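Have a look at the structure below, then the notes.
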Amino acid sequence: MENKKNKKIIIFASGNGTNAEEIIKHFEKKDEINVQLVLTNNNTAGVLKRVENHKIPAISFNKDVYKQNLVLEILNLLNPDLIVLAGFIWKIPNSIISQFPEKIINIHPALLPKHGGKGMYGEAVHESVIRSSDSETGITIHYVNQNYDEGRIIFQKSINVRVMDSIKNISMRVQRLEHKYYPIIIEKLLN
Ligand code: GAR
């Protein structure tokens with residue numbers, strides 16, 4: 001019987017890497033989809049330790065490397081089926097977006113189009129939700145285009161914001177949603 005083609009994911013992450021790790025764990029159990037590589041712009045990021053524990057290769061790069069399109073060269077060489085941004089802080093250049101149309105996705109810790117855009121990362125997003133007295137927040141998984149947080153929405157899940165909620169508390173509840181849904185949505189997109 002012919003082997004089903006293996007699908008490959010490359011993850012971009014800048015920080016702690018909890019989403020990256022959940023995605024890696026999810027696909028460790030599946031033969032047909034693999035996390036091929038993790039790329040980071042931060043050589044002290046927590047994600048590097050997490051990735052090492054799962055024996056997934058990782059590469060960190062600086063701004064010069066990024067600007068010289070060397071990351072694009074790596075992507076072209078490995079030709080992933082999906083590029084997954086999991087807490088990646090830099091903008092994806094147009095050169096990468098045009099080479100991988102509809103193949104780059106991001107997760108945002110709020111219900112876009114609210115609380116998105118430049119500088120809206122991690123806790124700043126939850127702070128903005130609380131300041132706006134929103135009654136709900138959640139997660140958005142979307143395609144990446146040339147503007148921050150504006151690509152076509154693939155999936156959203158909401159939770160209520162309670163009067164007593166702190167940034168820490170919302171962050172924890174939102175991350176729980178991210179860890180539950182991001183791997184499942186990635187799998188659906190690849191199948
Ligand atoms: C996640 O909550 C993700 O939604 C957010 O960064 C966090 C990374 O956490 N991304 C953004 O805010 C993008 N604008 P992690 O490093 O533990 O996965």
Side-chain angles (χ1 to χ4, degrees), residues 9-28 35-54 56 58-61 66 71 82-93 96-97 104-132 134 136-159 161 165-187 189:
I9 299 169
I10 291 185
I11 301 177
F12 281 65
S14 302
N16 192 1
T18 63
N19 277 285
E21 186 168 30
E22 289 304 319
I23 295 164
I24 289 167
K25 273 165 44 189
H26 182 86
F27 291 108
E28 270 171 353
V35 176
Q36 197 179 14
L37 176 69
V38 172
L39 289 166
T40 182
N41 61 315
N42 175 0
N43 62 12
T44 60
V47 69
L48 288 172
K49 187 81 209 137
R50 291 179 188 273
V51 162
E52 198 184 309
N53 292 339
H54 294 273
I56 302 283
I59 298 176
S60 70
F61 54 85
Y66 202 48
V71 171
L82 197 66
I83 295 168
V84 172
L85 311 188
F88 184 65
I89 207 157
W90 288 352
K91 198 154 190 276
I92 301 295
I96 294 182
I97 292 171
I104 312 174
I105 63 169
N106 180 43
I107 191 159
H108 187 77
L111 298 172
L112 291 173
K114 292 178 104 177
H115 313 293
K118 196 169 171 16
M120 280 297 189
Y121 181 88
E123 289 199 345
V125 179
H126 307 308
E127 206 183 318
S128 168
V129 168
I130 290 182
R131 229 185 299 114
S132 310
D134 286 2
E136 56 173 18
T137 186
I139 60 169
T140 303
I141 297 169
H142 63 96
Y143 287 107
V144 171
N145 69 10
Q146 59 284 359
N147 301 321
Y148 270 115
D149 300 325
E150 286 184 18
R152 184 154 60 84
I153 291 174
I154 301 163
F155 176 85
Q156 290 188 305
K157 190 86 189 172
S158 60
I159 51 170
V161 177
D165 269 333
S166 60
I167 293 176
K168 194 166 165 224
N169 197 270
I170 292 185
S171 162
M172 258 173 50
R173 293 171 61 220
V174 165
Q175 282 239 304
R176 235 179 272 140
L177 284 185
E178 295 187 322
H179 298 164
K180 178 170 177 192
Y181 289 105
Y182 209 12
I184 297 173
I185 297 298
I186 292 169
E187 189 173 356
L189 287 173

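All values derive from a computational prediction rather than experimental measurement. Counting starts at 1 for both ligands and their atoms, following the listed order. Sequence positions, counted from 1, serve as the residue numbers for this chain.
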_Subset of ligand 1 atoms that lie under 4.0 Å from at least one heavy atom of N16_ = 16 (O), 17 (O)
*asked:* Just by distance, no angles: are the side chains of S14 and N42 close enough, under 3.5 Å, to form a donor-acceptor pair?
replied: no
*asked:* Testing V174, L177, I141 one by one against I107 for a side chain to side chain contact (heavy atoms under 4.5 Å, CB included), which residue passes?
replied: I141
_Atom indices of ligand 1 within 4.0 angstrom of M120 heavy atoms, with elements_ = 12 (O), 14 (N)
*Mark up the atoms of ligand 1 that fall under 4.0 Å of a heavy atom belonging to G87, in ascending order.*
6 (O), 8 (C), 10 (N)
*Under 30°, 30 to 60°, or over 60°: which ring-plane class applies to F155 and Y181, parallel, tilted or perpendicular?*
tilted
*Near K49 NZ, under 6.0 Å, is it more than 12 heavy atoms from other residues, nucleotides or ligands?*
no
*Identify, with sequence neighbours excluded, every residue that meets ring-ring contact (aromatic ring centres under 6.0 Å, His included) alongside Y121.*
none
_Give me the nearest non-hydrogen protein atom to atom 16 (O) of ligand 1 as residue plus atom name, then the distance to 0.1 Å._
G17 N, 2.7 Å
*Identify the closest protein heavy atom to atom 17 (O) of ligand 1: which residue and atom is it, and at what distance?*
T18 OG1, 2.5 Å
*Could you tell me if any non-hydrogen atom of G122 lies under 4.0 Å from any atom of ligand 1?*
yes
_atom 7 (C) of ligand 1 [closest protein heavy-atom partner, distance rounded to 0.1 Å]_ = Q175 NE2, 4.0 Å
Please tabulate, one pair per line, all N/O donor-acceptor pairs under 3.5 Å involving side-chain atoms of residues 143-154, not counting sequence neighbours.
from: N145; atom 1: OD1; to: N147; atom 2: N; distance (Å): 2.9
from: N147; atom 1: ND2; to: E150; atom 2: OE1; distance (Å): 3.1
from: D149; atom 1: OD2; to: G117; atom 2: N; distance (Å): 2.8
from: R152; atom 1: NH2; to: E102; atom 2: OE1; distance (Å): 2.6

*Do H126 and T137 have side-chain atoms, one donor and one acceptor, less than 3.5 Å apart?*
no
*How far is atom 1 (C) of ligand 1 from its nearest protein heavy atom, and which residue and atom name does that atom have?*
E178 OE1, 3.2 Å
*Nearest-option assignment for atom 11 (C) of ligand 1, heavy atoms, candidates G15, A110, P109*: P109
